[in-house]
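First the structure, in the form of structure tokens, and then the observations on it.
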Number of protein chains: 2
Amino acid sequence: MQYHVDGDLVPAETATVSVRDRGFTYGDAAFETMRAYGGQVFRWDAHAERLRRTCDALSLDHGLSDADLRGRIRATLDANDLANAYVKLSISRGVQPGKLTPDPCTDPTVVVSVAELPRGGLSERGGEPVWDAPAIAAVVETRRVPDAALPAHAKTHNYLNGILARLELGQGADAGAEDGDSGGDEKSDTPDEAIMLDTEGNLAEGATSNLFFVRDGTLHAPSLDGPILPGITRRVVLGLADEEGIPVAERTYQPADLRAADEAFLTNSTWEIRPVDSVDDTELGAGPVTDELADAFDALVERECYE
Amino acid sequence: MQYHVDGDLVPAETATVSVRDRGFTYGDAAFETMRAYGGQVFRWDAHAERLRRTCDALSLDHGLSDADLRGRIRATLDANDLANAYVKLSISRGVQPGKLTPDPCTDPTVVVSVAELPRGGLSERGGEPVWDAPAIAAVVETRRVPDAALPAHAKTHNYLNGILARLELGQGADAGAEDGDSGGDEKSDTPDEAIMLDTEGNLAEGATSNLFFVRDGTLHAPSLDGPILPGITRRVVLGLADEEGIPVAERTYQPADLRAADEAFLTNSTWEIRPVDSVDDTELGAGPVTDELADAFDALVERECYE
């Protein structure tokens, strides 16, 4: 596999950054994870827009155009002859003198990494989910970082908050397919996604996913007023629900609201729509609304990327 | 300059980590910054203990002994013929498959970087402060990450919270001496340290320093019950205050308490004791208690490392 680092394609095994890179020393970097379907990055414009917002939040003015960044992704996919892939784009503030206050970003570090990832979605269109089974979720103690400390809309290399949440699920457990890893083959009862609350105890999101649940035919999603990443798949799903005539509510919810749901699912670019089998001891699972949205999502991918 | 990376001494210019290293992708790493005086790492045992606590918080069981880590630091100082130096030791969880949930840490990445840093302290003992001038501080809007999201006692590569605080002080401003950078030569009125509050609005600490202030002869320090790094220099200063018979209080404080102070100073391993010239529009500065503690600190360093 070849990655794209600072303008050059290099073998993944030798793709490196300086130990003085602020991405390493401080996690001072923005990133996006994306899917390529049929050679096309799904919803590139939305990812590029979110990346801009992240960089704005970090005052990281990297000076690179969307077209430049997209070109690096394209070159990386081509070099590896990949059509269906996981794609990660990171931009760090680069190597700077050893002080915390950033200088203007004159030499950002840009990394594109890819991995083959078969088309997801429903079997009737030739795909299969990247996850082996619905998620087993657990509400954890680790709370989402509040916006006052670090804006949740910024997708950065500061990911220890989510790591601590995942570690609560059981040290060293295989957390299943994610970030391009296709996960193990065995079904396990060990939770594989952490449901995180905000510091007030309201439902926020999964460690790497947005949360949805269905009750009495209405699709509920914790509002972006909370410390919640504005997921690209989340936005697509909300749009599809509107198109399908499914009532949608975005509010502040408690864990009890999730436990009382008829259906629940998680979304991210890798998982697409992944049903939640259970949360703690409460069985949830997919259902008619989840199935309808998964079918609509699959049809959308087919339309945008394969036709 | 040579750094120590994964067991080898390498030129700083070519010292790298994989782009897949979790230290880069997630800031999933612990670190310590230290001072070497006269060839000895000041308070190594305290740094080693805090590093263990950080790694415990991250469930990062790197398997390396304190003696091993100290040996790498020693080798790096020797290779660069450094007696008085800034030393940074980082341990990341290393390269793992692309999922957020960590696997057991079988191949940590260990980096030691150093920079020459003249002995600090008072001129009568041959030193001079690494900072050019007392700190100009400002209370910022960015709040310290609460312990419920990420324990403040863990010193990790997730440092965006402090970066956002520093960015509030003025984009691209030279924030003065810190982390081994000796800073600019010009005195500026631009604040160079951000005083951060917790999410409840109580005084916490500086972006890279612990806060002290003096009122009516009593030394006050925000209590470690708040989201505050248990600084090694902070602990040394509190011990010295006890020895000197200076009354000490560790409580929860408001910004108004700082503004009403007679003296204020900041501590970290690099700065040692750095007076606060002003906070926002309030003049503070050093005074008899700050001077007494700075003298006692200097004498302690002389005793432990140079005699």
Given that the side chain runs from C-beta out, which part of [X] has a heavy atom under 4.5 Å from chain B: side chain, backbone, both or neither?
X: A:Val111; result: side chain
X: A:Thr199; result: side chain
X: A:Val95; result: neither

How far does [atom1] of [X] sit from [atom2] of [Y], to the nearest 0.5 angstrom?
X: B:Thr156; Y: A:Leu160; atom1: OG1; atom2: CG; result: 5.0 Å
X: B:Arg166; Y: A:Ser59; atom1: CZ; atom2: OG; result: 14.5 Å
X: A:Asp147; Y: B:Arg143; atom1: CG; atom2: CZ; result: 13.0 Å
X: A:Thr101; Y: B:Leu169; atom1: OG1; atom2: CG; result: 6.5 Å
X: B:Leu167; Y: A:Leu60; atom1: CG; atom2: CG; result: 9.5 Å

For [X], is it the side chain, the backbone, both or neither that has a heavy atom under 4.5 Å from a heavy atom of chain A?
X: B:Tyr3; result: side chain
X: B:Leu164; result: side chain
X: B:Asp21; result: side chain
X: B:Thr14; result: neither
X: B:Val17; result: both

Decide if atom CD of B:Gln254 counts as having more than 12 heavy atoms of other residues, nucleotides or ligands within a radius under 6.0 Å.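 Enclosed: over 12 neighbouring heavy atoms sit under 6.0 Å from CD of B:Gln254.
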Around atom CG of B:Asp56, are there more than 12 heavy atoms from other residues, nucleotides or ligands closer than 6.0 Å?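 Buried by this count: over 12 neighbours within 6.0 Å.
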Can you check whether B:Leu58 reaches A:Ile163 side chain to side chain, under 4.5 Å on heavy atoms?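 B:Leu58 vs A:Ile163: side chains apart.
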Option that, when pairs with chain A are counted at under 4.5 Å, heavy atom only, ranks first among B:Thr109, B:Thr142, B:Val5: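 Winner by heavy-atom pair count: B:Thr142.
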With chain A as the partner, which of B:Ser92, B:Cys105, B:Ala149 has the greatest number of non-hydrogen pairs under 4.5 Å?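 Looking at each of B:Ser92, B:Cys105, B:Ala149 in turn, B:Ala149 comes out on top.
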Chain B contacts, top residue of A:Ala148, A:Gly27, A:Ala165, A:Ala194 (heavy-atom pairs, under 4.5 Å):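 Greatest number of close heavy-atom pairs with chain B: A:Ala148.
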Between B:Tyr26 and A:His157, does the ring centre distance come in under 6.0 Å?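 Aromatic pair excluded; centres sit 6.0 Å or further apart.
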For B:Lys88 and A:Thr25, what are the C-alpha separation, side-chain angles and deciding distance, and is it a side chain to side chain contact (heavy atoms under 4.5 Å, CB included)? CA-CA 10 Å; B:Lys88 181 171 180 175; A:Thr25 53; 3.8 Å; yes
Could you tell me which non-hydrogen atom of B:Glu13 sits nearest to which non-hydrogen atom of A:Arg20, and how far apart they are?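 Scanning both residues completely, I find the closest heavy atoms to be CA-NH2, 4.1 Å.
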